[in-house]
Amino acid sequence: MRIPLFSWLFLILIYYVSLSVHVFVVSSQCPSDQKSLLLQLKNSLKFDSTSSKKLVKWNNGSDYCYWEGVSCKDGCVSHLDLSSESISGGLDNSSALFDLRHIENLNLAYNNFNNIQIPSKFNKLNDLSYLNLSNAGFVGQIPIEISHLIRLVTLDLSTFCYFPGTPSLQLENPNLNVLLGNLSELVELHLDGVNISAHGAQWCQAISSSLPKLRVLSLSTSNISGPFDSSLLNVSSREKRGLG
Ligand SMILES: *[C@@H]1O[C@H](CO)[C@@H](O)[C@H](O)[C@H]1NC(C)=O
Ligand SMILES: *[C@@H]1O[C@H](CO)[C@@H](O)[C@H](O)[C@H]1NC(C)=O
Ligand SMILES: *[C@@H]1O[C@H](CO)[C@@H](O)[C@H](O)[C@H]1NC(C)=O
Ligand SMILES: *[C@@H]1O[C@H](CO)[C@@H](O)[C@H](O)[C@H]1NC(C)=O
Ligand SMILES: *[C@@H]1O[C@H](CO)[C@@H](O)[C@H](O)[C@H]1NC(C)=O
Ligand SMILES: *[C@@H]1O[C@H](CO)[C@@H](O)[C@H](O)[C@H]1NC(C)=O
Ligand SMILES: *[C@@H]1O[C@H](CO)[C@@H](O)[C@H](O)[C@H]1NC(C)=O
C-alpha cells in the first residue's frame, strides 16, 4: 500500500493536534479553580509590593502554572514557594491557601506573619510532604493539626533570631511526642527556637520511636534538656546538628 506524502503529513498533523488537545485537557483537569484561588490568596495577603518578586507579578491574564513561585501537576498547584516575599499578614483559617488541596511543597519562610498562631486549617493540605514555616513570624502553641500531615518528609518550623523573652512557637499541648507520633515519614526536622520544654528521655524517645527515617535533626535554643537518652543512638550515622 502506498500512501502519498501529503497524507502522511496530514496524519502527523492530526497526531500533533490530538496530542495538544490531550495535553490541554489534562492540564485543566484540576477539580477546583486553581487560578482564582491563587488570586484570592494574593488579594488576602498583605505584602510589600516594592520588595515582592513573586506575588506582585501574579496576574489573571497568564497561565498560573508558570507564575513565580508556583508549579503544577496535572493543572493542580503542587509547589508554592512564597518565601522572602515581605508578607506581613493576611493568613488565617479562611485563607484560600487551604483550598489549594494538592500542594505537596509549601514554603512561607522568611516572612512576618506578625506573631499569629499557625492556622489549624493546615491540615486541609494533607498532600504536603514539605512544609517550611521557618522564620515566618508564627508564635504560640503549634496546633495539633500539624500532626495530621502524615506525608511530611521535611518539616521546618525553626526561628533563628530567638531572644529570650520574645514570643516563640511552643510545644506543650500537644507536646513533642504527640506532634511527631504519626509523622513517620519525616527525614528532616528543624525545630530551632521552638519552646519544647522536654527532658532528655522524653524528647529522645519521641524522636527515636516515631521517626525511623529521620536523618537531619536541628534543635538549637529549643529549651530541651539532657541527658541524651541512649535511644538516640539508634539515630546513629544520621546527621545531628545544633542539639542543645
Ligand atoms: C480573571 O479573568 C476572567 C476572564 O477574563 C474573569 O472572568 C475573572 O473575573 C478574572 N478574575 C479576577 C480575580 O480578576
Ligand atoms: C483557627 O481555628 C482554630 C479553631 O478551629 C482556632 O483555635 C485558631 O485560633 C484559629 N487560628 C487562626 C490563626 O485564626
Ligand atoms: C526553608 O526555607 C528557607 C528559605 O527558602 C531555606 O533557607 C531553608 O533551607 C528551608 N529549610 C529546609 C529544611 O528546606
Ligand atoms: C495517629 O493515628 C492514629 C491512627 O489513625 C490515631 O488514632 C491517632 O489519634 C493519631 N494521633 C495523632 C496525634 O493525631
Ligand atoms: C516556654 O514554655 C514554658 C512552659 O512550658 C514557659 O514557662 C516559658 O515561659 C516559655 N518560654 C518562652 C520563652 O516562651
Ligand atoms: C524551659 O522549660 C521549663 C520547663 O517547662 C520552663 O520552666 C522554663 O521557663 C523554660 N525556659 C525558657 C527559657 O523558656
Ligand atoms: C534500637 O532499635 C532496636 C530495633 O528497633 C531496638 O530493639 C532497640 O531497643 C533500640 N535501642 C534503643 C537504645 O532504644
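Residues: numbered from 1 along the sequence shown. Here the structure is a predicted model, which means the values were calculated and not measured. Values reported hereafter were calculated over all heavy atoms of this structure, with side chains retained and with hydrogens, waters and symmetry mates removed. Note that ligands are numbered from 1 as they come in the structure, with each ligand's atoms numbered from 1 the same way.
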Inset, instruction - Give a yes/no verdict on whether any heavy atom in G181 is under 4.0 Å from an atom of ligand 4. - result: no
Inset, instruction - Could you tell me whether R101 and D127 make a salt bridge, using a distance below 4.0 angstrom between a side-chain N and a carboxylate O? - result: no
Inset, instruction - May I ask whether L39 and L41 are part of the same hydrophobic cluster, defined by side-chain heavy atoms of I, L, V, M, F, W, Y residues being less than 4.5 angstrom apart, directly or through others? - result: yes
Inset, instruction - Any atoms of ligand 5 less than 4.0 Å from a non-hydrogen atom of N195? List them with their elements. - result: 1 (C), 2 (O), 3 (C), 8 (C), 10 (C), 11 (N), 12 (C), 14 (O)
Legend entry - Option with minimal heavy-atom separation from atom 13 (C) of ligand 4, where the choices are I146, L149, V178, N177: V178
Inset, instruction - Within a distance under 4.0 Å of any heavy atom of N182, pick out the atoms of ligand 4 and give their elements. - result: 1 (C), 2 (O), 3 (C), 8 (C), 10 (C), 11 (N), 12 (C), 14 (O)
Legend entry - Heavy-atom nearest neighbour in the protein, as seen from atom 9 (O) of ligand 2, with distance rounded to 0.1 Å: Q117 OE1, 3.8 Å
Inset, instruction - Around atom 14 (O) of ligand 2, find the nearest protein heavy atom and jot down its residue, atom name and distance. - result: N93 ND2, 3.5 Å
Inset, instruction - State whether the side chain of E188 and the backbone N or O of L155 hold a donor-acceptor pair below 3.5 Å, judged by distance alone. - result: no
Inset, instruction - Taking only heavy atoms of H148 into account, list the atoms of ligand 4 that are under 4.0 Å away from them. - result: 14 (O)
Inset, instruction - Between P119, S94, S120, P143, flag the one that comes closest to atom 3 (C) of ligand 2 by a heavy atom. - result: S120
Legend entry - Under 4.5 Å side-chain linkage, directly or through intermediates, the cluster mates of Y66: none
Inset, instruction - Give a yes/no on whether the SG-to-SG distance for C65 versus C72 is below 2.5 Å. - result: yes
Inset, instruction - Would you mind listing which atoms of ligand 4 come within a distance below 4.0 Å of any non-hydrogen atom of S147? - result: 13 (C), 14 (O)
Inset, instruction - Give a yes or no on whether atom 11 (N) of ligand 2 lies under 4.0 Å from any heavy atom of the protein. - result: yes
Inset, instruction - Classify the ring geometry between F113 and F138 as parallel (under 30°), tilted (30 to 60°) or perpendicular (over 60°). - result: parallel
Inset, instruction - Would you indicate whether the side-chain heavy atoms of Q34 and S32 approach each other to under 4.5 Å? - result: yes
